[in-house]
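Okay, structure first, notes after.
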Amino acid sequence: MSFADFLLIYALSLATMLLCRCIPIFVLKGKSLSPNVQEGLNLIPPAAFAALVANDLLSPTMFDAGWWPGLLPIAAALSVLLVARKSGSLIGCAITGVAAYALLSMI
């Protein structure tokens with residue numbers, strides 16, 4: 001790829017990012033959104049986080065080494081879910097997840 005091709009791709013990517021990110025901000029500035037749109041937009045961060053977590057927990061080859069090694073991350077995630085529901089502490093969830101994974105991997 002030549003430098004001119006790289007610059008063209010870079011400029012088009014930059015223009016697309018600016019159009020998709022900046023224009024909506026300027027168009028919607030000072031306007032209120034409907035409650036349905038606000039509710040939908042509020043669901044984006046949890047959905048993105050859930051997709052990241054699911055990508056780490058589930059894979060097509062997770063049971064290739066056996067049932068227990070495949071279920072180990074899910075079991076650790078369930079313990080984190082319990083701590084998250086009970087305390088809501090991010091550091092508590094992190095410590096619980098690491099400890100549960102370590103303890104369950106010893107079984």
Side-chain angles (χ1 to χ4, degrees):
M1 175 187 306
S2 69
F3 188 69
D5 291 340
F6 172 76
L7 283 180
L8 177 65
I9 292 171
Y10 184 77
L12 290 174
S13 298
L14 182 64
T16 302
M17 286 190 316
L18 288 174
L19 287 173
C20 292
R21 292 181 181 192
C22 296
I23 288 182
I25 291 172
F26 292 126
V27 170
L28 296 174
K29 185 178 180 181
K31 296 181 183 175
S32 62
L33 300 173
S34 70
N36 290 336
V37 172
Q38 286 180 347
E39 184 179 342
L41 291 174
N42 286 337
L43 293 174
I44 292 173
F49 184 73
L52 289 171
V53 169
N55 189 36
D56 287 338
L57 290 179
L58 307 171
S59 72
T61 60
M62 64 189 287
F63 294 113
D64 286 352
W67 282 100
W68 182 245
L71 290 176
L72 184 66
I74 295 173
L78 290 175
S79 66
V80 171
L81 182 64
L82 293 173
V83 170
R85 285 284 192 187
K86 182 109 174 140
S87 69
S89 168
L90 181 62
I91 191 70
C93 290
I95 291 170
T96 301
V98 170
Y101 192 84
L103 290 173
L104 289 171
S105 65
M106 290 181 196
I107 295 177

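All figures in this text were calculated on a predicted structure; none of them were measured in a lab.
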### Query
So does Gln38 have more than 12 non-hydrogen atoms from other groups sitting under 6.0 Å from CD?
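Buried by this count: over 12 neighbours within 6.0 Å.
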### Query
With a 4.5 Å limit on heavy-atom distance, are the side chains of Pro73 and Asp56 in contact?
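Answer no - side chains too far apart.
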### Task
Compare all side-chain heavy atoms of Met17 with those of Leu14 and state whether any distance is below 4.5 angstrom.
yes
### Query
For the atom pair NZ (Lys31) and CG (Leu28), what is the distance rounded to the nearest 0.5 Å?
6.5 Å
## Note on the structure
Taken to the nearest 0.5 Å, the spacing of Leu103 CG from Leu72 CG works out to 10.5 Å
According to a hydrophobic-cluster definition based on side-chain heavy atoms being under 4.5 Å apart (Ile, Leu, Val, Met, Phe, Trp, Tyr only), do [X] and [Y] belong together?
X: Leu57; Y: Met62; value: yes
X: Ile95; Y: Tyr101; value: no
X: Leu7; Y: Ile9; value: yes
X: Phe49; Y: Ile74; value: yes
X: Ile25; Y: Ile23; value: no

#### Entry: Closest approach of Thr16 to Leu12 (non-hydrogen atoms, all atoms of both residues)
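Looking at all heavy atoms of both residues, the closest pair is OG1-O, 2.8 Å.
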### Message
Can you give me the closest heavy-atom contact between Ser79 and Ala100, atom names plus distance?
### Response
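What the structure gives for the nearest pair is OG-CB, 3.2 Å.
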### Message
side chain to side chain contact (heavy atoms under 4.5 Å, CB included) for Ile107 and Leu104? Distances and angles first, verdict last.
### Response
CA-CA 5 Å; Ile107 295 177; Leu104 289 171; 4.0 Å; yes
### Query
Hey, what's the ring geometry for Trp67 with Phe63, parallel, tilted or perpendicular (30° and 60° as the breaks)?
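Judged by the thresholds at 30° and 60°, the geometry between Trp67 and Phe63 is tilted.
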